[in-house]
Structure formats: C-alpha cells, structure tokens
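Note sheet for the following structure.
Reckoned from all heavy atoms, side chains included, excluding hydrogens, waters and symmetry mates.
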Protein chains: 2
Amino acid sequence: MTIRVIIVDDQAMVRAGFAALLAAQSDIDVVGEAPDGRKGVEVSRSVHPDVVLMDVRMPEMDGLAAVRELLSPPAGVVHRPKVLMLTTFDVDDYVYEALRAGASGFLLKDAPPADLISAVRVVAAGDALLAPSVTRRLIADFARQRPAPPSGGPALRLNGLTPRETEVLELIARGLSNQEIAARLVVAEQTVKTHIGKVLAKLGLRDRAQAVIFAYESGLVAPGDA
Amino acid sequence: MTIRVIIVDDQAMVRAGFAALLAAQSDIDVVGEAPDGRKGVEVSRSVHPDVVLMDVRMPEMDGLAAVRELLSPPAGVVHRPKVLMLTTFDVDDYVYEALRAGASGFLLKDAPPADLISAVRVVAAGDALLAPSVTRRLIADFARQRPAPPSGGPALRLNGLTPRETEVLELIARGLSNQEIAARLVVAEQTVKTHIGKVLAKLGLRDRAQAVIFAYESGLVAPGDA
DNA sequence: GCCGGCCCCGTACCCGGGTAGGGGACAGGG
DNA sequence: CCCTGTCCCCTACCCGGGTACGGGGCCGGC
C-alpha cells in the first residue's frame, strides 16, 4: 500500500527537492504538485492524495486558508487527506490556526530529510507529528491553564489582529470595562473603544460579549486561568 | 558537553537496558538510577542531571507525583532538570497531568532505540518531544478545547439560579442579544432583562460580558460546543 | 521620500443593556 | 389560609458601549 502525496509550495525548487526525496521511497508516490493554495485544493480534490505537503506562505491562497478549505467539508466532500504543514523559518503563529483547522503536523523545512520521510509515514498512519520546537510551544500553551502567565505578553497574533488589539481582546475576556482597560493600558478610553471597534469588525462580532466567546473558543484564554 | 541522565524505573532490567543504550552514546552519560519516584527525586536533587527518564507507573511514588515534586520549586531550588516520561502501554490519561506538571516529553517504551536517544538530545536542548500517538491526542484536544470535566451530571441549578435564569445565562454565553433571547424564549424583551438582572446580582457580576466568562469558567458552556 | 500600517486621541450620536420599582399569576408547603 | 418562590410583564431612567469620522505621530518597507 503506497502512500499518495501531493506537494504544494510556491518555490519550484523546493517542490522538486521534496518530490525527488519522497519518490525515492518505495512506499511513497508523489502524485501531484501545485504552486499555490488555490491550485493545491483543486489538485487535491482531483487526485485524492493520502497526504498533502503544504507550505504556509504562498501567493494567491496561503496554506492556512487552503487547509481550511480542504478540511472543512463544504457539502458532500468525503475525501479528507492528512495535511502536513511546512514552514521555512521558525515557528510562526499560523501553527495554532493550522492545527485548529485540522492539520496533522507541522515541520520546518530545514529538518533532516529522514524526518520528513518518516513524518509522511506517521501522518499517513493517522498519527500526528510536530517539529520539536512546535511541540514545546504547544505543550507550554496547553499547560498554561493552571499557572498564571508571569510575563503575559500578548505576543501571539491571531486572525489578523494587531498585538495591541489582541491585548485589548484578552482584557475584555477578563471581564474588564473600557474604563478599566484604558487605565490598565494607560491610554484614553476612546482609544480602547477604537481598538475594540476594529477587533469586532475584523472578527465579525457584534459586541464584547461575543468577543469573550471568541476569546474562549479560539483559545486566547482558557477556563482556569482566571 | 555531555548530557547527564538519570533513569527512574521500578524494573531493573529496563533500567539496565536503557542505561546500556544511552551510555553507548558519546554525548550521553548515565549518572544515576532509582527504582521509584521518591528515590528518583532524591537522586535528582543530589546529582543534578540534565534529563530525567521517568517511568509513569511505579511503587512508593508514581512518576506523576515525582514530576510535580521535581519541577515545582519548593523553596530555593534552582535546578530544574528536563523530564522525559516513559510508559509501557499505550497513552493513558497521565499524559495530560504530566505535561501540565512540566514534563518535556512522553514516549512509549517500545519506541525504536534511535528515537529514545534522539529524544534525550531534543529534550536536553530545551525542546519537547511526544510519541506520535500522544501528539495526535494532544492536537485533537487542543483543537476543540475540552478540559477534562470533573465528571458528574449536569448541575441543573448552579449557584442558586433558577432553571429559567440558567437558561438565559446560557443564551447570553452563546452570544445572543436580549432581543434574540426574548424571541427564542417567546417572552418580552423586558422579561429577559429582568432575568439577566437577577443573574448578575446573584453571581456578583457587572455585565453580560462577565456573565459569558462565568459561563465558561463554571463549565455551563465549554469551548467547542458552539 | 513616500506610503501604509499601527497606535493614539478627539467629538458627536445612538442604542442596547442594566437599574429601579412596581404588579399579576400560579405552584407548593407550613 | 397565607407565605414564599418562580415566572411573567410593565414604565422610566441612565450610562456604558459601539459607530462614524477625522486627525496626528511613529516606524519600516519599497
């Protein structure tokens, strides 16, 4: 039983390299390639691979959107390939979104070739695999449910929110009023309102109550770390 | 720079096997062993290893308690070794507790020797590593945040709220406006306001945003069941 | 240099939400 | 029987929050 793989990456050289590497394995077949997310989704829908190797950063449709498109069943789509995300540099914040969207793994491109190959096999088998540094972050984030974060910096950035907006959102999710948030951040209350307005608009929410819900559902805050 | 390791496991044969395996590596030194958690903590405190290989199930003090003891700084303890948990059978629920307690990794004992060795190196480097099946579970759990419920049936009435009030509270936590709640319950909007007012008063909350927080923190609603 | 993103602040307006304080109906238990 | 609790509904008021629109300063990238 060979593992059918497609490779989605905007850099042709990268695709060629991975393809050569994987095709050399007797139990892996590279059955397709695509230069961007949109085409990747199309190719996946037509060839039905077992595993999709997907770069994060791409033109036209980035890996994240592609994963969502691919794994959210938009009608009568029965085929759900495993998705292995790839990223060039270090861990970026897309990790969390990708995992939530249903990705089975996350690797750095500079990982040893043997790791990539075994990752494909692991994912195809229905298990998951993360780069060690990613695992570390995930665990840290997971463990963060008991202890209060000492530094508590809002370095994380989800859904196109700016750091400041994310910070405000978290304070909303802590139950603070605009006045209290303003005091905490040492800015005018109107500035807080502006930030909140942008947050609501960007996330498609109506009021702060829905913002709190979003914060919990997205994992920005979790029950227990009050 | 060699990696100093101690092995904590109640089975002498297992200890010997791992010790031989690891000692054969030029960059790894086995500097101690212990047959149970309590002695493991003692040994760790005296020899200050970089990595502690710890079995989950052990007499006297199990691996879980040992990790907590080891990683929760109970005074002026500066030394915090990395802990790599080992388990014989498949994933048990201790995984989550161990990770929360600060373990850096979780492996099955039947993993390939090469995996164990590389795991020690990865953990020593400050990264984390999980068995693929563990990773899968962690991701799944992370994707739809469901912190282990303390069991028990649905507390129909929490904190002295009437059923109706609880119902209203849940709808607030779903993001509905007063108008929408009124429509849903087929009552006047003012009635909804009254109920909400009582809820807020009884729970000591200020506004509906804080009510949403309470709903999540109390478990009335949980992330993922939107 | 220019442009775009981010952060900050303002004024003005409107409305949903929360408060205060009533009242009517029905149930069950002392 | 009365009393307590729950659910329902009302008027009236006020304020926090959200919207609309404008502007200034800062920085990094093209």
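The stretch residues 179-191 of chain A touches DNA chain D through A:Gln190, each having a heavy atom within less than 4.0 Å of the strand.
At the phosphate of D:dG16, neither OP1 nor OP2 sits under 4.0 Å from any side-chain N or O atom of A:Asn178. In this model, the phosphate group of C:dC7 is not approached by any side-chain N or O of A:His195 to a distance below 4.0 Å at OP1 or OP2.
End-to-end axis angle for the helix from C:dG1-D:dC30 to C:dG30-D:dC1, using five pairs per end and rounding to 10°, comes out at 40°.
In terms of the side chain to side chain donor-acceptor pair (under 3.5 Å) criterion, residue partners of B:Arg164 (sequence neighbours excluded) are, by chain and number, B:Glu167. With sequence neighbours excluded, no residue forms a salt bridge (Lys or Arg N to Asp or Glu O under 4.0 Å) with B:Arg184. For A:Gln190, the side chain to side chain donor-acceptor pair (under 3.5 Å) criterion is met by no residue, not counting sequence neighbours. Contacts of B:Ala211 classified as side-chain contact (heavy atoms from CB on, under 4.5 Å), with partners at least two apart in sequence or in another chain: B:Leu169, B:Ile172, B:Leu200, B:Leu205. Every side-chain contact (heavy atoms from CB on, under 4.5 Å) that B:Thr191 has, sequence neighbours left out, goes to B:Val187, B:Ala188, B:His195. By the side-chain contact (heavy atoms from CB on, under 4.5 Å) test, B:Ala209 is found to be paired with A:Arg208, A:Val212, B:Asp207, residues two or more places apart in sequence or in another chain being considered. Under the side-chain contact (heavy atoms from CB on, under 4.5 Å) criterion, A:Gln179 pairs with A:Ser177, A:Glu189, not counting sequence neighbours. Applying the side chain to side chain donor-acceptor pair (under 3.5 Å) rule to A:Asp27 yields the partners A:Arg121; only residues at least two apart in sequence or on another chain are considered.
Atom pair B:Leu205:CG and C:dG17:P shows a separation of 16 Å (rounding to whole Å applied). If you take NZ of B:Lys193 and C1' of C:dT19, they are 10 Å apart, rounded to a whole angstrom. Across the protein-nucleic acid pair, B:Ile172 atom CD1 and C:dG18 atom C1' stand 11 Å apart, rounded to whole Å. Counting to the nearest Å, the P atom of C:dC15 and the CZ atom of A:Arg206 are 16 Å from each other. Note: CG (B:Leu200) to C1' (D:dC15) measures 15 Å, nearest angstrom. In this entry the distance linking CD of A:Glu165 with C1' of C:dC8 reads 13 Å, nearest Å. Nucleotide D:dA20 holds its C1' atom 13 Å from the NZ atom of A:Lys198, rounded to whole Å. Residue A:Ile196 contributes atom CD1, which lies 15 Å from atom C1' of C:dC8 at whole-angstrom precision.
Classification of B:Glu170 and B:Arg174 as a salt-bridged pair holds, one side-chain N sitting under 4.0 Å from a carboxylate O.
Listed here is the closest heavy atom pair of B:Gly175 and A:Ile213: N-CD1, 3.2 Å.
For the atom pair CD1 of B:Ile117 and CD of B:Gln25, the computed distance is 3.5 Å after rounding to the nearest 0.5 Å.
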Below 3.5 Å is the cut-off: list the nitrogen or oxygen pairs between protein and nucleotides 25-30 of chain D, distance only.
none

Just the atom pairs and distances: protein N or O near nucleotides 22-30 of chain C's N or O, under 3.5 Å.
none

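In this structure, the side chains of A:Thr2 and A:Ile28 stay at 4.5 Å or more apart for every pair of heavy atoms. In this structure, B:Val52 and B:Leu84 have side chains that are not in contact, with every pair of non-hydrogen atoms separated by 4.5 Å or more. Using a 4.5 Å heavy-atom cutoff, the side chains of A:Val123 and A:Ser104 are in contact.
Nearest to the side chain of A:Arg208, among D:dC7, C:dG18, D:dG17, sits D:dG17. Of the candidates C:dC8, C:dG17, D:dG17, the closest approach to any side-chain atom of A:Arg164 belongs to C:dC8.
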